Enquirer: 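Structure incoming, see below.
These numbers come from a predicted model, not from an experiment.
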Amino acid sequence: MYPSLTSLNALKVFDAAARLGSFKKAAEELFITPTAVSHQIKSLEDALDSQLFERKTRAIQLTKEGRLLAETTSRIFQQLAETIGEIANSNRVISVSTTSSFAALWLVPHLERFYQQYPDIEISISTGEQIDDIERHRHIDIAIRYGEFDPKAENTTRLITESVGMYATPNYLSTITDIEQAQLLETKWINQSLTPFSWKYLLGDLNKNLTIRQYDQEHHVIQAALASQGIALVSSLLVQNALQNKWLVPYKNTDIKHKANGLSYYAVTPSRNINNKSVTSFLGWLTEEIK
């Protein structure tokens with residue numbers, strides 16, 4: 001019926017390489033070798049009698065014919081994924097991308113409550129501080145991000161705008177009488193686009209004699225506090241479990257209060273998953289659970 005249509009597998013490989021701009025990244029997404037990707041692309045080019053990529057020393061670049069084909073394969077594969085998802089009653093395994101700290105300190109401790117409501121849906125968590133393009137990286141079904149929320153962004157849902165507090169173990173607080181005696185713990189963001197918050201910013205003129213230790217992950221700061229190493233300046237959301245178990249308590253010897261400059265946790269859903277029932281179930285649960 002379609003005599004001129006070449007191998008669908010080769011088109012799938014081409015689509016991944018075109019989206020990701022790399023044979024290596026395409027291989028990782030498809031769980032094949034870069035050599036296999038290269039062979040599939042070469043086979044496709046031979047079948048079409050057209051060069052689809054310009055091979056450079058450390059990069060590939062689409063040719064005019066490659067861009068034309070990439071526009072079509074992107075559209076068709078996205079439509080196909082959406083349709084299959086709806087027919088199959090959506091994916092039963094959802095890949096969630098988020099930060100290491102949110103995954104370790106909030107999402108994982110709460111997931112059992114999700115499974116109680118949706119026992120047939122599995123959650124697979126990947127973590128990192130980079131912001132992936134989830135429209136291009138199709139192995140991500142939904143992303144939970146941290147930063148300044150843009151209400152105009154498409155397919156984006158604000159989960160919570162957090163506050164920042166000061167927390168330590170009761171044992172540690174019993175050893176100090178003044179904040180200048182304390183070791184202070186804070187996060188130095190890996191993601192430089194995030195608005196920093198720090199003890200020096202909070203305490204202003206009082207900061208001359210402070211001892212401050214920094215970590216590049218917020219959950220490391222909280223772990224240091226749990227080990228009675230100091231007072232942590234961290235998200236009030238991420239210490240919920242520690243507070244409920246009374247492992248940490250708020251530091252109350254100061255009336256300083258601070259909002260995290262409007263930083264929020266928010267969810268981003270790729271357009272291909274807007275009607276995916278499993279993804280929408282997870283997003284609905286997340287929105288309610290995090291309140």
Enquirer: Apply the side chain to side chain donor-acceptor pair (under 3.5 Å) test between Ser101 and each candidate in Glu218, His220, His219; give the one that qualifies.
Expert: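 Exactly one pass, corresponding to His219.
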Enquirer: Measure from the side-chain N and O atoms of Ser74 to the backbone N and O of Glu71, and report whether any donor-acceptor pair falls under 3.5 Å.
Expert: no
Enquirer: Would you say the side chain of Thr187 lies within less than 4.5 Å of the side chain of Asp216, judging by non-hydrogen atoms?
Expert: no
Enquirer: Given 3.5 Å as the limit, does a donor-acceptor pair link the side chain of Ser50 with the main chain of Glu65, or not?
Expert: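 Looks like no, no N/O pair under 3.5 Å.
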Enquirer: Apply side-chain contact (heavy atoms from CB on, under 4.5 Å) to the pair Thr287 and Leu159, showing each step before the final yes or no.
Expert: CA-CA 6 Å; Thr287 303; Leu159 300 174; 4.0 Å; yes
Enquirer: Is there a path of hydrophobic side-chain contacts, each under 4.5 Å between heavy atoms of I/L/V/M/F/W/Y residues, joining Val239 to Val164?
Expert: yes
Enquirer: CG/Leu68 to OG1/Thr63 distance, rounded to the nearest 0.5 angstrom?
Expert: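 Taking CG in Leu68 and OG1 in Thr63, the distance rounds to 9.5 Å.
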Enquirer: Report yes if the side chains of Tyr265 and Glu162 come closer than 4.5 Å at any heavy-atom pair, otherwise no.
Expert: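 Tyr265 reaches Glu162 side chain to side chain.
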Enquirer: Take Ile142 and Phe282 through the side-chain contact (heavy atoms from CB on, under 4.5 Å) test and state the conclusion after the steps.
Expert: CA-CA 9 Å; Ile142 187 170; Phe282 175 74; 4.1 Å; yes
Enquirer: Among residues at least two apart in sequence or on other chains, which ones pass ring pair (Phe, Tyr, Trp, His ring centres under 6.0 Å) with His110?
Expert: Trp106
Enquirer: I'd like a table of donor-acceptor pairs (distance under 3.5 Å, sequence neighbours excluded) in which one partner is a side-chain atom from residues 241-248, with atom names and distances.
Expert:
unit_1: Asn241; atom_1: OD1; unit_2: Asn245; atom_2: ND2; d: 3.2
unit_1: Asn245; atom_1: ND2; unit_2: Asn241; atom_2: O; d: 2.8

Enquirer: If you look at every heavy atom in Arg67 and Leu62, which pair is closest and at what distance?
Expert: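 Smallest interatomic distance, heavy atoms only, reads NH1-O, 3.4 Å.
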Enquirer: Salt bridge or not between Glu289 and Arg113? Use side-chain N to carboxylate O under 4.0 Å.
Expert: yes
Enquirer: Should Leu11 and Ile76 count as side-chain neighbours, where that means a heavy-atom distance under 4.5 Å?
Expert: no
Enquirer: Assess, by modelled atom type and distance only, whether the side chains of Glu186 and Gln214 contain a donor and an acceptor separated by less than 3.5 Å.
Expert: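 Checked: Glu186/Gln214 side chains pair up, N/O donor to acceptor below 3.5 Å.
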Enquirer: Under a 4.5 Å cut-off applied to non-hydrogen side-chain atoms, are Asn9 and Gln40 in contact?
Expert: yes
Enquirer: Do Ser95 side-chain atoms and His139 backbone N/O form a donor-acceptor pair below 3.5 Å?
Expert: yes
Enquirer: Taking only residues at least two apart or on different chains, which pairs with a member in residues 22-34 satisfy side-chain hydrogen bond (donor to acceptor under 3.5 Å, both in side chains)?
Expert: Arg19-Glu29
Enquirer: Got a sec: does the CD of Gln181 have more than 12 other heavy atoms crowding it under 6.0 Å?
Expert: yes
